[in-house]
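Only heavy atoms go into these numbers, but all of them, side chains included; no hydrogens, no water, no symmetry mates.
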Amino acid sequence: MKNKFQFLVGLMLSISLFSCNYTEQIIIKKDGSGKINLTTDASKMMELAAGLDDTSEGDTRIDSVMVMKDILNDEELQRYSEADRALLEELSLYTSRFLYDKEEEIMEIDMYKDFKNVSEIKDLFKVYDKLMLLKPEDEDEAETGETATMPLKNLPYKTAYSFKGKTFIRKTTITDSVAYKEQLEKASAQSMYYASSTYGIAYTFPHKIRSTSKDDKIKLSKNKKTLFYEVSMKSYMKDPSILDIKVELKR
């Protein structure tokens, strides 16, 4: 189990050095419950994937699912600091899926879970970041360098989600102005690593969409129940609120 978890962490750290496309997907049912999923499309790094030791060598397709709560048992949790154990408890609510298909040139990682209310959703991208930076206390410090896609672990903002009546809101708030300024400086220095990366949202609602606060930018599905909006990672890093949106539904 430990090897699977370490492989997932190592894989996420590796793909953070390459251009990837991230999609934040939320599906909401009529009763307000639903599913959240952060998909990382790392298909651009297929050449690296082909050289992963003991993983993709000789394999043309890998489709592996990891239930985090099964991997992060008490014995595994004790290998981490108290602060990181708190992060792992949050991660244990998720399931991870790694899909690699050499012939189709697909390489994706999904982190997903079900929710009873959208207010339970907490900064999907932070979940991804937290997993990449975890380090057992009984192992040497990993060399992460300055090439990760974002200043990680303590992102200076929080994103909240609400769905009441016919209205859905995604709102981001800066929580640490000093740290946010530092993030902007790092974002500028690291821009070459995510020059072609994107971050998008794909939200599906139980009723048709009447209007949104970004009507001039989003795309709607044919049935008008799903919206799509995508920005460059560079823009997202400079202003995480760029993806904030208010949605009014028909009833």
To the nearest 0.5 Å, atom CD of Gln25 lies from atom CZ of Phe228 at 8.5 Å
Evaluate the side chain to side chain contact (heavy atoms under 4.5 Å, CB included) criterion for residues Tyr236 and Ser197: first the C-alpha distance (whole Å), next the side-chain angles of each, then the deciding distance (0.1 Å), finally the verdict.
CA-CA 10 Å; Tyr236 178 69; Ser197 296; over 6 Å; no
### Message
Do Ile106 and Glu108 make a side-chain contact, defined as non-hydrogen atoms from C-beta onward lying under 4.5 Å apart?
### Response
yes
- Query: Is there a side-chain contact between Phe163 and Thr167, using heavy atoms and a 4.5 Å cut-off?
  - Reply: no
CG of Asp110 to CG of Asn37, rounded to nearest 0.5 Å, is 4.5 Å
Between Ile62 and Leu99, is there a side-chain heavy-atom distance shorter than 4.5 Å?
no
In this structure, would Leu93 and Met68 fall into the same cluster of hydrophobic residues linked by side-chain contacts under 4.5 Å? yes
| message | Can you confirm if the aromatic rings of Tyr180 and Tyr157 lie within a centre distance of less than 6.0 Å? | response | no
Of all heavy-atom pairs linking Ser221 and Asn223, the shortest is OG-OD1, 2.5 Å
| Regarding Thr226 and Thr204, is there a side-chain donor-to-acceptor distance under 3.5 Å anywhere? | yes
Looking only at heavy atoms, the pair that brings Ile109 and Ser96 closest together is CG2-OG, 4.2 Å
Taking the six-membered ring for Trp and the full ring for Phe, Tyr or His, determine whether the centres of Phe168 and Tyr203 are under 6.0 Å apart. yes
- Item | salt bridge (charged side-chain N to carboxylate O under 4.0 Å, His left out) between Asp63 and Arg97, intermediate numbers included | CA-CA 7 Å; Asp63 192 346; Arg97 181 192 181 198; 2.7 Å; yes
Is the backbone N or O of Pro156 less than 3.5 Å from a side-chain atom of Thr175, with the two atoms forming a donor-acceptor pair by type? yes
ask   = Is any side-chain heavy atom of Thr198 less than 4.5 Å from a side-chain heavy atom of Val231?
value = no
Between Lys35 and Tyr112, is NZ or CZ placed under 6.0 angstrom from the six-membered ring centre and within 45° of the ring axis? yes
Pair Asp31, Lys116 - check side chain to side chain contact (heavy atoms under 4.5 Å, CB included), show working.
CA-CA 8 Å; Asp31 63 359; Lys116 294 182 179 180; over 6 Å; no
The reported gap from OH in Tyr199 to OH in Tyr229 (rounded to nearest 0.5 angstrom) is 13.0 Å
Without swapping roles, check the side chain of Lys238 against the backbone of Met233 for a donor-acceptor pair under 3.5 Å. no
query: Can Ile121 and Phe115 be said to form a side chain to side chain contact (heavy atoms under 4.5 Å, CB included), step by step?
result: CA-CA 8 Å; Ile121 303 174; Phe115 59 78; 4.0 Å; yes
| request: Establish whether Ile209 and Ile218 are linked, either directly or via other cluster members, by ILVMFWY side-chain heavy-atom contacts under 4.5 Å. | output: yes
Interatomic distance, CD1@Ile26 vs CD1@Ile201, rounded to 0.5 Å, equals 8.0 Å
**Prompt:** Are the side chains of Leu249 and Lys225 in touch, meaning some heavy atoms are under 4.5 Å apart?
**Reply:** no
Open item on the list: One thing to verify: whether Arg61 and Asp101 come together as a salt bridge, which I'm taking to mean a side-chain N less than 4.0 angstrom from a carboxylate O.
Closed with: yes
Output for pair (Asp41 CG, Ser43 OG), nearest 0.5 Å, gives 3.5 Å
State plainly whether one hydrophobic cluster holds both Phe98 and Val67, where clusters connect Ile, Leu, Val, Met, Phe, Trp and Tyr through side-chain heavy atoms under 4.5 angstrom apart. no
Residue pairs meeting salt bridge (charged side-chain N to carboxylate O under 4.0 Å, His left out), one or both in residues 162-177, sequence neighbours left out, come to Glu24-Arg170, Arg170-Asp244
For Thr40 and Cys20, the nearest pair of non-hydrogen atoms, with its separation, is CG2-CB, 4.1 Å
Rounded to the nearest 0.5 Å, the CD1 atom of Ile27 sits from the CD1 atom of Ile36 at a distance of 11.0 Å
Discussion item. Would Leu38 and Thr23 count as a side chain to side chain contact (heavy atoms under 4.5 Å, CB included) here? Give the steps.
Written reply: CA-CA 6 Å; Leu38 178 63; Thr23 302; over 6 Å; no
(message) Please tell me whether Ser162 and Ser119 have a donor and an acceptor in their side chains that are separated by less than 3.5 angstrom.
(response) no
